[in-house]
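Here's the structure, in structure tokens; my notes come after.
Letters A, B, ... are given to chains in the order of the sequence lines, protein chains preceding strands, and every chain is numbered from 1. Values below: every heavy atom of this structure, side chains too, minus hydrogens, waters and symmetry copies.
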Amino acid sequence: MDLVATSAAVSATSSRKTKVELLADALRRLGPEEIVAGSAYLAGELRQRQTGVGWATLRQAPPPAGEPTLTVAAVDRAIEEISQVGGAGSQGRRRELVGALFAAATADEQRHLVGLFGGELRQGAQAGLLVDAIARAGEVPVTLVRRALLLAGDLKEVAVAALTGGAAALAEVALRVGRPLAPMLAQSAASVDDALAATGVPAVVDVKLDGIRIQVHRSGDEVAVFTRSLDDITPRLPEVVAAVRALPAREIVLDGEAMALDAAGRPRPFQETASRAATRGAPVTVLTPYFFDLLHLDGADLLDAPGRERWGALAEAVPAPLLVGRTAVTTPAEAAEAFAAALAAGQEGVVVKSPESAYDVGRRGAAWVKVKPRHTLDLVVLAVEWGHGRRKGWLSNLHLGARDPQTGGFVMLGKTFKGLTDELLRWQTERFLELAVDKGDWVVTVRPEQVVEIAFDGVQASPRYPGGVALRFARVLRYRDDKTAAEADTIETVKAIHAKT
DNA sequence: TTCCGACAGTGGGGTCGCAAT
DNA sequence: ATTGCGACCCCACTATCGGAA
């Protein structure tokens, strides 16, 4: 496959303009029937959403072929067959088919296929750069391609439209009730004041619910529920379907969050919402939907309307109990009050929004800014893992432990690789090799002496770690060379935080 | 010339269903 | 019955490029 050579060239350059040129050239060379699978491969994806093949299945590959014979169409056919396999004996059958595909691939093609199956091609180009490449190859405006992608939620479809139908075909792509579109995302800020600085005043402050994002489409009696990644989870959320079916609207597209509540109406931990949302069959706990935006109502698209107009229409279309808590504010003090109230109600935080902004499909703009409280602890590094990719050769992923005064030892609470600059990576590689007691190929165990200040969002119950608790979203703030391990925070402190939330 | 938005990469914890052991 | 795997839910943060200011 000639796409493999393109991918290698894309990997080899750091220039985004060059990457786009290379990808555009490859797109132009695709035959009409190859655009769907080929554009996916160039973006580092497969046409098929699920294949049942992951890293473990790919570990043992047969020897590569000497001569390249694979075509886009042949690869797509093979993968389609693999993804159709199911039932007893499926794992063996899948391995057989994967083996046959890999035996027909050259060494370069094998590497490329592993990246595609694993979803980690790491060529420095994904759907984002493909948008630019599609625009260039189809000789159409890039803004048109981007808008089509976000409204259609599918890169392959947009590639076909741009390369075979040009600007006219792209312009026809619009919000369609029943087809998910990329949800608008929020930036984060460290404080409500910072958030307000980004959005400006006046602003509105929405309660941030710790559940799962839902986009609900209704057309007549047909209701569909989609996740943030545009997966269809309609069969798993009958209670949400029922709630939306009970609305007076005929055609509606809603954006919101679904979460589990206790008898008093307070939020349950995220894990309970996630468990419920992943469960098929009769629900035991019920998820409650809360909506904060309205994208379409009875034939009218509202994406370009200002936030206050969308909210006004939402408040008329949906009963008040199904609306996310919202406070209009004109001062930082009022915003701070709304933040405190959200936390007092047991919620995750707030999202500060500009009331004038449009619904910026698929964007993480300054119009929505989330604020969550942050905890910190001084923990001890117990071990470090060697990094991959650009972190190869550096010790990267830290194993974190809290002090256990009972035993004099340490209790592992999780890992983190976040918050590290290149300079810190260099420093810690040297430092932990000095402290090493066991230098494995993957994990380097160290004497528990180095204290590190860790930020995190909360403590959650853990079925994996020995203390029964783990940190959520842990990241490094700084190393504490002014503290010894004997002064680190204890497991009791961590459990106390868990009990409070 | 400097600033900043968008993108890609580097991985984290948890849950479920399903097939194999 | 338990275990391993794949697929998804939540996600933070840094480096880099290249256009905007």
Side-chain angles (χ1 to χ4, degrees), chain A residues 10-11 13-20 43-44 49-59 83 85-95 117-132 146 185 187-188 209-214 227-231 233 236 257-259 269-281 348 362-366 370 372 374 385 387-392 394 396-400 413-425 454-465 469-477:
Chain A
V10 167
S11 293
T13 176
S14 67
S15 160
R16 284 177 197 153
K17 290 169 86 174
T18 309
K19 286 179 195 280
V20 168
R49 216 179 162 88
Q50 302 170 359
T51 58
V53 177
W55 291 109
T57 316
L58 299 168
R59 265 201 295 265
S83 58
V85 173
S90 60
Q91 220 165 90
R93 176 69 183 142
R94 209 178 279 128
R95 277 211 157 77
F117 273 108
E120 297 189 350
L121 189 57
R122 303 197 184 208
Q123 59 176 1
Q126 299 182 346
L129 283 198
L130 251 288
V131 165
D132 286 307
R146 176 158 289 121
L185 305 172
Q187 290 183 350
S188 6
L209 306 174
D210 192 9
I212 60 164
R213 186 83 176 261
I214 50 170
T227 67
R228 177 156 124 65
S229 56
L230 312 189
D231 280 295
I233 53 166
R236 283 182 257 161
E257 192 91 4
M259 74 184 316
F270 173 74
Q271 281 157 304
E272 288 183 30
T273 294
S275 162
R276 169 62 188 82
T279 305
R280 286 152 245 257
E348 191 186 16
R363 286 298 173 76
R364 198 183 284 282
K370 59 182 165 183
K372 297 187 281 184
R374 193 189 74 173
E385 295 173 14
H388 301 88
R390 76 181 296 281
R391 291 193 177 186
K392 195 173 165 63
W394 283 342
S396 173
N397 199 4
L398 308 170
H399 294 200
L400 305 168
L413 295 173
K415 311 177 189 178
T416 187
F417 55 91
K418 295 172 183 164
L420 298 165
T421 60
D422 287 0
E423 192 191 343
L424 220 40
L425 282 165
I454 297 294
F456 59 100
D457 278 20
V459 177
Q460 57 191 350
S462 172
R464 174 187 319 198
Y465 288 108
V469 286
L471 303 183
R472 192 156 176 222
F473 309 141
R475 60 266 192 191
V476 171
L477 286 183

Next item on the list: Give one of base, sugar-phosphate or nothing for A:Arg280, where a contact means two heavy atoms less than 4.0 Å apart.
Entry: sugar-phosphate
Margin query: Just the rounded figure in Å: distance from C1' of C:dA12 to CG of A:Leu185.
Written below: 14 Å
Next item on the list: For A:Ser15, enumerate each residue passing the side-chain hydrogen bond (donor to acceptor under 3.5 Å, both in side chains) test, keeping only those at least two apart in sequence or located in another chain.
Entry: A:Thr18
Check: Base, sugar-phosphate alone, or nothing: which one does A:Ser396 contact when heavy atoms must sit under 4.0 Å apart?
Finding: sugar-phosphate
Notebook entry, point to check: Residues two or more places apart in sequence or in another chain: which of them pass salt bridge (Lys or Arg N to Asp or Glu O under 4.0 Å) with A:Glu348?
Noted result: A:Lys208, A:Lys372
Next item on the list: Look at all strands and tell whether A:Thr416 reaches a base, only sugar-phosphate, or nothing, counting heavy atoms closer than 4.0 Å.
Entry: nothing
Margin query: The criterion is side chain to side chain contact (heavy atoms under 4.5 Å, CB included); which residues satisfy it with A:Leu185, sequence neighbours excluded?
Written below: A:Arg213, A:Arg228, A:Arg364
Item checked: Boundaries of the DNA chain B segment in contact with chain A, non-hydrogen, under 4.0 Å -> B:dA6 to B:dA20
Margin query: Once salt bridge (Lys or Arg N to Asp or Glu O under 4.0 Å) is applied, do any residues pair with A:Arg146, and if so which ones, sequence neighbours excluded?
Written below: none
Check: More 5' along DNA chain B: A:Gly86 or A:Tyr465, using each one's nearest nucleotide?
Finding: A:Tyr465
Notebook entry, point to check: Checking all strands, does A:Glu120 fall into the base, sugar-phosphate, or nothing category for heavy-atom contacts under 4.0 angstrom?
Noted result: nothing
Next item on the list: May I ask which nucleotide in the shown strands pairs with B:dC7, Watson-Crick or G-U wobble, both distances under 3.5 Å?
Entry: none
Next item on the list: Name the nucleic acid region contacted by A:Ala125, choosing base, sugar-phosphate or nothing; use a 4.0 angstrom heavy-atom cut-off, strictly under.
Entry: sugar-phosphate
Might you list the N or O atoms of the protein lying below 3.5 Å from N or O atoms in nucleotides 17-21 of chain C, with each pair's distance?
unit_1 : atom_1 : unit_2  : atom_2 : d
C:dC17 : OP1    : A:Ser14 : OG     : 3.1
C:dC17 : O3'    : A:Arg16 : N      : 3.3
C:dC17 : O2     : A:Arg16 : NH1    : 2.8
C:dG18 : OP1    : A:Ser15 : OG     : 3.0
C:dG18 : OP1    : A:Arg16 : N      : 2.9
C:dG18 : OP1    : A:Lys17 : N      : 2.9

Margin query: I want to confirm an ordering. Mapping A:Arg363 and A:Gly389 to their closest nucleotides on DNA chain B, which one lands closer to the 5' end?
Written below: A:Arg363
Note to self: With a 4.0 Å cut-off on N to O distance, would you call A:Arg49 and A:Asp231 a salt bridge?
What the structure shows: yes
Checklist line | Results of side-chain hydrogen bond (donor to acceptor under 3.5 Å, both in side chains) for A:Arg236 - residues two or more places apart only | finding: none
Check: C:dA12 C1' sits how many Å from A:Ile454 CD1, rounded?
Finding: 12 Å
Check: Between A:Glu423 and A:Ala474, which has a closest nucleotide on DNA chain C that is more 5'?
Finding: A:Ala474
Check: Excluding sequence neighbours, so at least two apart, what forms side chain to side chain contact (heavy atoms under 4.5 Å, CB included) with A:Thr421?
Finding: A:Glu423, A:Leu424
Item checked: A:Gly211 backbone acceptor or donor facing A:Glu257 side chain under 3.5 Å -> yes
Item checked: salt bridge (Lys or Arg N to Asp or Glu O under 4.0 Å) partners of A:Arg95, counting only residues at least two apart -> none
Next item on the list: Round to the nearest Å and state the distance from A:Arg475 atom CZ to C:dT14 atom P.
Entry: 10 Å
Margin query: Going by side chain to side chain contact (heavy atoms under 4.5 Å, CB included), name the residues that satisfy it together with A:Ala278, two or more places apart in sequence or in a different chain.
Written below: none
Check: For the pair made of CD in A:Gln187 and C1' in C:dA12, what is the distance, rounded to whole Å?
Finding: 14 Å
Notebook entry, point to check: How would nucleotides 5-11 of chain C be written as a contact map, 5' to 3', with B for base contact, S for sugar-phosphate-only contact and - for no contact, using protein heavy atoms under 4.0 Å?
Noted result: SSSSSBB
Checklist line | Neighbour count above 12 (heavy atom, 6.0 Å) for A:Arg475 CZ | finding: yes
Note to self: Just to verify, what does A:Asn397 make a side chain to side chain contact (heavy atoms under 4.5 Å, CB included) with, not counting sequence neighbours?
What the structure shows: A:Glu385, A:Lys415, A:Phe417
